[in-house]
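The chain is numbered in sequence order, starting from 1.
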Amino acid sequence: EVQLVESGGGLVQAGGSLRLSCAASGFTFDDAAIGWFRQAPGKEREGVSCISSSDSRPYYAASVKGRFTISSDSAKNTVYLQMNNLKPEDTAVYYCAVIRVWFGSAYNVCLRDVLDYWGKGTPVTVSS
């Protein structure tokens, strides 16, 4: 059974940092693609950052490029999202999601509805 458990969210002041973690089980990273998504109140879900085993280039949404970094530790089956210089507009529930077999780009993982499984999310609130 695939499980994704996010952690690391919380309340932070603008300019601060948080590191989100997504502990994954039930699949291997070998052929998978994993992404971080967020949804703010009243807004549509947004692909924030994604990585693919078949693509050396992570995808970042323009709104977070240069501030967020996605990484993975296959030994721990964990994906991270380091978020620096946080802004109030980053306030949202952040979700981790996976497609277990993916041979395409990280860009398409974040921009197309291809994910198999989703975590329950972790809230991030950035105060001004």
> Between Leu115 and Ala97, what is the shortest heavy-atom contact and its length?
Replying inline: CG-CB, 3.6 Å
>> Which residues pass the salt bridge (charged side-chain N to carboxylate O under 4.0 Å, His left out) test with Glu89, not counting sequence neighbours?
In response: none
>> Please evaluate residues Leu81 and Ser49 with respect to the criterion side-chain contact (heavy atoms from CB on, under 4.5 Å), reporting the C-alpha separation (whole Å), side-chain torsions for both, the decisive distance (0.1 Å), and the verdict.
In response: CA-CA 8 Å; Leu81 186 68; Ser49 182; 4.1 Å; yes
>> Listing request: all ring-ring contact (aromatic ring centres under 6.0 Å, His included) pairs with a residue in residues 57-88, at least two apart in sequence or in separate chains.
In response: Tyr59-Tyr107
> Is there a chain of hydrophobic side chains (I, L, V, M, F, W, Y, each step under 4.5 Å between heavy atoms) that links Trp36 to Ile34?
Replying inline: yes
> side chain to side chain contact (heavy atoms under 4.5 Å, CB included) with Arg45: which residues, sequence neighbours excluded?
Replying inline: Phe37, Gln39, Asp113, Trp118
>> So, using ring-ring contact (aromatic ring centres under 6.0 Å, His included) as the criterion, who are the partners of Tyr95 when residues are at least two apart?
In response: none
>> Assigning hydrophobic clusters by single linkage (Ile, Leu, Val, Met, Phe, Trp, Tyr; side-chain heavy-atom cutoff under 4.5 Å), is Val64 placed with Val109?
In response: no
>> For a quick test of reading the model, state the closest non-hydrogen atom pair linking Ile99 to Val114 and the distance between them.
In response: CD1-O, 3.1 Å
> What side-chain hydrogen bond (donor to acceptor under 3.5 Å, both in side chains) pairs are there with at least one residue in residues 64-79, not counting sequence neighbours?
Replying inline: Arg67-Asp90
> Are Val12 and Thr125 side-chain neighbours, meaning at least one heavy-atom pair lies under 4.5 Å?
Replying inline: no
> Where the side chain of Ser52 meets the backbone of Ala106, is there a donor-acceptor pair that is under 3.5 Å apart?
Replying inline: no
> With a 4.5 Å limit on heavy-atom distance, are the side chains of Met83 and Val124 in contact?
Replying inline: yes
>> Enumerate the disulfide (SG to SG under 2.5 Å) contacts for residues 70-104, please, sequence neighbours excluded, ordered by first and then second residue.
In response: Cys22-Cys96
> Does Asp116 have any salt bridge (charged side-chain N to carboxylate O under 4.0 Å, His left out) partners at least two apart in sequence or in another chain, and if so, which?
Replying inline: Arg100
> For the residue pair Ala24 and Leu4, what are the closest heavy atoms and their distance?
Replying inline: CB-CD2, 3.7 Å
> Closest approach of Ala14 and Ser128, non-hydrogen atoms and distance?
Replying inline: CB-CA, 4.3 Å
> For residues 50-59, which residue pairs qualify under salt bridge (Lys or Arg N to Asp or Glu O under 4.0 Å), counting only residues two or more places apart or in two chains?
Replying inline: Asp55-Arg57
> Between CD of Gln82 and CD1 of Ile70, what distance do you get to the nearest 0.5 Å?
Replying inline: 12.0 Å
> Other than Val5, what residues sit in its cluster of Ile, Leu, Val, Met, Phe, Trp and Tyr side chains whose heavy atoms are under 4.5 Å apart, directly or through others?
Replying inline: none
>> Does Lys87 form a side-chain contact (heavy atoms from CB on, under 4.5 Å) with Ser63? I'd like the steps, not just the answer.
In response: CA-CA 10 Å; Lys87 303 176 181 181; Ser63 57; over 6 Å; no
>> Would Leu20 and Thr122 count as a side-chain contact (heavy atoms from CB on, under 4.5 Å) here? Give the steps.
In response: CA-CA 8 Å; Leu20 305 184; Thr122 184; 4.0 Å; yes
> Which pairs with one or both residues in residues 30-77 pass disulfide (SG to SG under 2.5 Å), sequence neighbours excluded?
Replying inline: Cys50-Cys110
> Applying salt bridge (Lys or Arg N to Asp or Glu O under 4.0 Å), which residue pairs with at least one partner in residues 6-21 are found, sequence neighbours left out?
Replying inline: none
> Which residues satisfy the side chain to side chain contact (heavy atoms under 4.5 Å, CB included) test with Ala32, sequence neighbours excluded?
Replying inline: Phe27, Val98
> Taking it one step at a time, do Trp102 and Asp31 satisfy side-chain contact (heavy atoms from CB on, under 4.5 Å)?
Replying inline: CA-CA 6 Å; Trp102 181 254; Asp31 296 322; over 6 Å; no
